[in-house]
Number of protein chains: 2
Amino acid sequence: MAVLAEELIAAFRRKGMKITPQRQLLCTLVEKAHDQHEHPTVEALHLRAMEEMPTISLKTVYSTLAELAELGMIRLVALGTGSVRVDPNPAPHAHFVCRSCGRIIDHPLDLDDDTESALESDLGFVVEERDVIYRGRCAACRSQETGEAVLLKEGDVSGNSQHR
Amino acid sequence: MAVLAEELIAAFRRKGMKITPQRQLLCTLVEKAHDQHEHPTVEALHLRAMEEMPTISLKTVYSTLAELAELGMIRLVALGTGSVRVDPNPAPHAHFVCRSCGRIIDHPLDLDDDTESALESDLGFVVEERDVIYRGRCAACRSQETGEAVLLKEGDVSGNSQHR
DNA sequence: GACGTAATCTACAATGATTGTTAACTACTA
DNA sequence: TAGTAGTTAACAATCATTGTAGATTACGTC
């Protein structure tokens, strides 16, 4: 079996949690998502899981992913797409989200450390986690932009984006 | 009437939208939130609005705030606190969110422009909006170490009780 | 200043994502 | 192999938010 899935299962075992067939299956699905650089929704993973195990419930998928997130093996990120996304890569990174097609791309995180230092020294805040999300349009969607704009009512889009 | 509220109303008028008593009221409430550096939930603003206009519906508040956001006068930000927050300041800035008490603090945004340049040149993405959220613990909550919510000013629900 | 129309209003229902509950089941240890 | 803690699936409930429809209202036009 593959490497990442084994690590996830080992994390369960390390915490004394039981290695159920559902957890094993989800660990392999998380690994596949990782390999494909995907950020599937919980619902999407549930559908994939049901291909192998038709009776697995959505609730179990939610629970298991929440457990993996608590173990620090994945991240559950809210990217404004309506539902939480499973991010199989727990290392810090930024996300670009295309407003048109919903595509999500990881990107290295280049936050200025001064910001966090200032938060800690000036305000006493301890930063434990960062979410950096860029929203915009990917190349494919921008090339179709003119065609789509015709379909949109005037003023619908022009007013709600923040230009710089 | 105060300055910011007038600007918000002017923005409605500029778009040919009608100046209803509900919109006027909400504009003044947004101004107050701005003056207090608050990030109230829609629900919280609805409660405040009902103090002046008991029959105003939550739906109207949602709609009006969505309109103000489309006009670029406010931002509706999802900070992972369970519901959308009204950010009366549309200029780019980062948010610090305390995991314990839910307090939200604005902070200047120090993103490295190289990241966005790389996104645009390497991948063809055009960044239109950024969300930068720091999660952690504020000084008050860290000193308590109980993990429970602390009292917030004004006794409303704009900042607390949004645990997951 | 009144009118007509488009826009908005409220009340209510519906949605969609997520979480809680409970009884049945299962993996693991002894 | 049995006991038991922990997990599962079905179902209900919750929460924030959005959709619908008929009643009401603001505002440009006359």
Side-chain angles (χ1 to χ4, degrees), chain A residues 8-27 39-47 49-50 52-71 75-86 102 153-156, chain B residues 8-27 39-47 49-50 52-71 75-86 102 157-164:
Chain A
L8 302 179
I9 290 170
F12 278 129
R13 207 186 303 272
R14 224 174 290 128
K15 286 281 180 181
M17 301 170 79
K18 298 183 177 169
I19 312 305
T20 66
Q22 288 84 354
R23 283 177 174 167
Q24 289 178 324
L25 170 57
L26 284 168
C27 287
H39 302 73
T41 62
V42 179
E43 177 77 34
L45 273 192
H46 179 225
L47 287 174
M50 282 198 297
E52 309 254 338
M53 189 184 290
T55 64
I56 191 171
S57 80
L58 179 58
K59 170 74 187 224
T60 297
V61 179
Y62 268 107
S63 305
T64 304
L65 294 173
E67 290 154 0
L68 281 173
E70 273 190 24
L71 294 174
R75 280 201 66 193
L76 297 174
V77 291
L79 299 179
T81 53
S83 41
V84 162
R85 298 285 177 153
V86 176
K153 274 192 164 184
E154 138 129 329
D156 273 0
Chain B
L8 302 179
I9 290 170
F12 278 129
R13 207 185 304 272
R14 224 175 289 131
K15 285 283 179 178
M17 302 169 79
K18 297 182 178 172
I19 312 304
T20 66
Q22 288 84 353
R23 284 178 172 170
Q24 289 178 322
L25 171 57
L26 284 167
C27 288
H39 303 73
T41 62
V42 179
E43 176 79 33
L45 272 192
H46 179 227
L47 288 174
M50 282 198 296
E52 308 252 339
M53 189 184 288
T55 64
I56 192 172
S57 79
L58 180 58
K59 170 74 183 220
T60 297
V61 179
Y62 267 106
S63 305
T64 305
L65 294 173
E67 290 154 1
L68 282 173
E70 273 191 23
L71 294 172
R75 280 201 66 193
L76 298 174
V77 290
L79 299 179
T81 54
S83 41
V84 162
R85 300 285 179 154
V86 176
V157 294
S158 65
N160 60 358
S161 73
Q162 303 291 331
H163 301 264
R164 280 233 146 177

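Just the heavy atoms: all of them, side chains too, but no hydrogens, waters or symmetry mates, feed the values below. Numbered from 1 within each chain, the chains take letters A, B, ... in sequence-line order. Keep in mind that what you see is a predicted model, and the values were worked out from it rather than measured.
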Kindly give the heavy-atom pair with the smallest separation between A/Thr41 and A/Ala44, and that separation in Å.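 In this case the closest contact between A/Thr41 and A/Ala44 is OG1-N, 2.9 Å.
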
Ignoring hydrogens, what is the shortest heavy-atom contact between A/Leu65 and A/Leu76? Give both atom names and the distance.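 Answer, listing the atom of A/Leu65 first, then A/Leu76: O-CD1, 4.0 Å.
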
Quick check: do B/Pro21 and B/Met53 have side-chain heavy atoms less than 4.5 Å from each other? yes

Please classify the nucleic acid contact of B/Val84 as base, sugar-phosphate, or nothing, using heavy-atom distances under 4.0 Å. sugar-phosphate

Could you state the [atom1]-[atom2] distance from [X] to [N], rounded to the nearest angstrom?
{"X": "B/His46", "N": "D/dC15", "atom1": "NE2", "atom2": "C1'", "result": "16 Å"}
{"X": "B/Tyr62", "N": "D/dT20", "atom1": "OH", "atom2": "C1'", "result": "18 Å"}
{"X": "A/Ile19", "N": "D/dT8", "atom1": "CD1", "atom2": "P", "result": "10 Å"}
{"X": "B/Leu45", "N": "D/dT17", "atom1": "CG", "atom2": "C1'", "result": "15 Å"}
{"X": "B/Leu25", "N": "D/dA26", "atom1": "CG", "atom2": "P", "result": "15 Å"}
{"X": "B/Leu58", "N": "D/dG19", "atom1": "CG", "atom2": "C1'", "result": "14 Å"}
{"X": "B/Gln24", "N": "D/dT25", "atom1": "CD", "atom2": "P", "result": "15 Å"}

Sequence-aligned protein contact record of nucleotides 6-13 of chain C, with B where the base is within under 4.0 Å of a protein heavy atom and S where only the sugar-phosphate is: BSSSBS--

Among residues at least two apart in sequence or on other chains, which ones pass salt bridge (Lys or Arg N to Asp or Glu O under 4.0 Å) with A/Arg75?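 Salt bridge (Lys or Arg N to Asp or Glu O under 4.0 Å) list for A/Arg75, sorted by chain: A/Glu129, A/Asp131.
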
Do the side chain of A/Arg23 and the main chain of A/Lys18 share a donor and acceptor less than 3.5 angstrom apart?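 Present.
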
Please round to the nearest 0.5 Å and tell me the distance separating atom CD of A/Glu67 and atom OG1 of A/Thr60.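 Spacing of CD (A/Glu67) from OG1 (A/Thr60) equals 9.5 Å.
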
